[in-house]
Amino acid sequence: MPELAEVAYYAKQWDAGIGQHVTKVQLHPEARIFRQADNLAEWTDLLAGRRYEERWTHGKQMAFRFGKGWLWGHLGMTGKLWMAERDHVPEKHDHLVIHLTRHALVVTDPRMFGAWRWLSASAWATHEAGLAPPILSDAFTKGLLNDFLKRRARTPLKALLLQQERFPGIGNWMADEILWRSGLHPNRQAGSLSPKESGLLWQKCRLVARQALRVIGTDWSTPPNSWLFNHRWKDGGQCPCGTPLRRASVGGRTTCWCPRCQPATTETDGLT
DNA sequence: TACAATGTTTTAAG
DNA sequence: CCTTAAAACATTGT
């Protein structure tokens, strides 16, 4: 479920715990979300008595600083963060509960595609150094996008936008939204874009990221009807232009587009 | 019952 | 080495 804006939203849910100290940690050592955690047995000791200091997000990644170390996480498909009362008793899918002085920080994830790790200060520094430029940063330039389009010339645009190494935080609905606003067919090959089209794509990446963070990332408001977002899941959904939306698997994911606003070309391979 | 779900990784194949 | 498709992961909801 969570993409850029949803991740930002969930990370903020723990803000009320900032400044409080850890009193107890509960987790299921066998839960799949800890499969990348090589130091799980030490978590209780590592966290004990530490103060929750600050939150951090980058694309779909999130991290929370306790003292000098960081709890790093990814929500996968069904992960959620929420704040419970201090004595919260974990329910079936509450795989990690960090009890604080007055509240409890809870990670819930039924499908367990998410991942959680503990990073020491030095591991954190290494991790941060390897991150891709955020879409809304000055470092996310048109040149960077153009290079990527060229290097992945035969990849469908839909699959391209889902690659986190260049588009951190873009997920299924944001990719569809960006392509729809760019007037680009999701099955267009990355290398086929004119300079004008790639400039438009760059601009819409930024626009959708900015608007999503503002609308969903703050309080999970419903986006305006002018977004594709509100129409794309409905069977028989219509583009605001009045054309019935199409749905098909592109780049391995369910993709929604408007055949009129996002016209097929020779390299969209029969997908109209 | 069968299939799909806003994600990532691994495997296999071209 | 690069690209791509498919499978796998685990659970819930339609």
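Every chain is numbered from 1 and lettered A, B, ... according to where its sequence line falls, protein lines coming before strand lines. Small disclaimer: the values here were computed from a predicted structure and weren't measured.
The shortest distance between the side-chain N/O atoms of A:Lys92 and the OP1/OP2 oxygens of C:dT12 is below 4.0 Å. When the side-chain nitrogen and oxygen atoms of A:Arg253 are compared with OP1 and OP2 of B:dT6, one or more of them lie within a distance under 4.0 Å. Contact between the side-chain N/O atoms of A:Arg111 and the OP1/OP2 oxygens of C:dT12 is not found at any separation under 4.0 Å. The phosphate of C:dA10 has neither OP1 nor OP2 within less than 4.0 Å of any side-chain N or O from A:His93. Here A:His74 reaches the OP1 or OP2 of B:dT8: one of its side-chain N or O atoms lies under 4.0 Å away. Using a 4.0 Å cut-off, some side-chain N or O of A:Thr155 falls inside it from OP1 or OP2 of C:dT4. Residue A:Thr254 has a polar side-chain atom (N or O) positioned under 4.0 Å from OP1 or OP2 of B:dA5. For the OP1/OP2 pair of B:dT8 and a distance below 4.0 Å, the side-chain nitrogens and oxygens of A:Gln164 include at least one atom meeting the criterion.
Under 3.5 Å, the side chains of A:Gln238 and A:His231 contain no donor-acceptor pair of N or O atoms.
Aromatic stacking of A:Phe113 on C:dC9: satisfied, with centres closer than 5.5 Å and planes within an angle under 30 degrees.
The interatomic distance linking A:Asp109 (CG) with C:dT12 (P) rounds to 11 Å, in whole Å. The nearest whole Å value for the distance from the CH2 atom in A:Trp220 to the C1' atom in B:dT6 is 9 Å. Atom CG in A:Asn187 sits roughly 10 Å away from atom P in C:dT4 (whole-Å rounding). Computed from coordinates, the A:Met62 CE to B:dG7 P distance equals 14 Å when rounded to whole Å. Atom CZ in A:Arg154 sits about 19 Å away from atom P in C:dC1, given to the nearest Å. Nucleotide C:dA10 holds its C1' atom 15 Å from the NE2 atom of A:His28, rounded to whole Å. Rounded to whole angstrom, the span from the CG atom of A:Leu162 across to the P atom of B:dT8 amounts to 8 Å. When rounded to the nearest whole Å, the span between CD of A:Glu165 and P of B:dT9 equals 11 Å.
The residue A:Gly252 sits apart from the nucleic acid: no heavy atom pair falls under 4.0 Å. Among the atoms of the strands shown, only primed sugar atoms or phosphate atoms (P, OP1, OP2) are found under 4.0 Å from some heavy atom of A:Arg152.
A:Arg55 and A:Asp15 are joined by a salt bridge, as a carboxylate oxygen and a charged side-chain nitrogen come within less than 4.0 angstrom of each other.
The partner of B:dT6 is absent, by the rule that a Watson-Crick or G-U pair needs both atom distances under 3.5 Å. Searching all strands for a Watson-Crick or G-U wobble partner of C:dA10 with both distances below 3.5 Å returns nothing.
With P as the reference atom, B:dT8 and C:dG13 are 23 Å apart, rounded to whole Å.
Here the options are A:Trp56, A:Trp118, A:Phe64, the test is ring pair (Phe, Tyr, Trp, His ring centres under 6.0 Å), and the partner is A:Trp124; only A:Trp56 passes.
For the atom pair CD of A:Glu53 and CD1 of A:Ile18, the computed distance is 9.0 Å after rounding to the nearest 0.5 Å. Here A:Lys92 contributes atom NZ and A:Asp94 contributes atom CG; the two are 12.0 Å apart, rounded to the nearest 0.5 Å.
For A:Arg86, the CZ atom sits in a loose shell: 12 or fewer heavy atoms of surrounding residues, nucleotides or ligands are nearer than 6.0 Å.
Picking from C:dC9, C:dT11, B:dT6 the nucleotide with the shortest atom distance to the side chain of A:Met77 gives B:dT6. Of the candidates C:dC9, C:dT12, B:dT6, the closest approach to any side-chain atom of A:Trp173 belongs to B:dT6.
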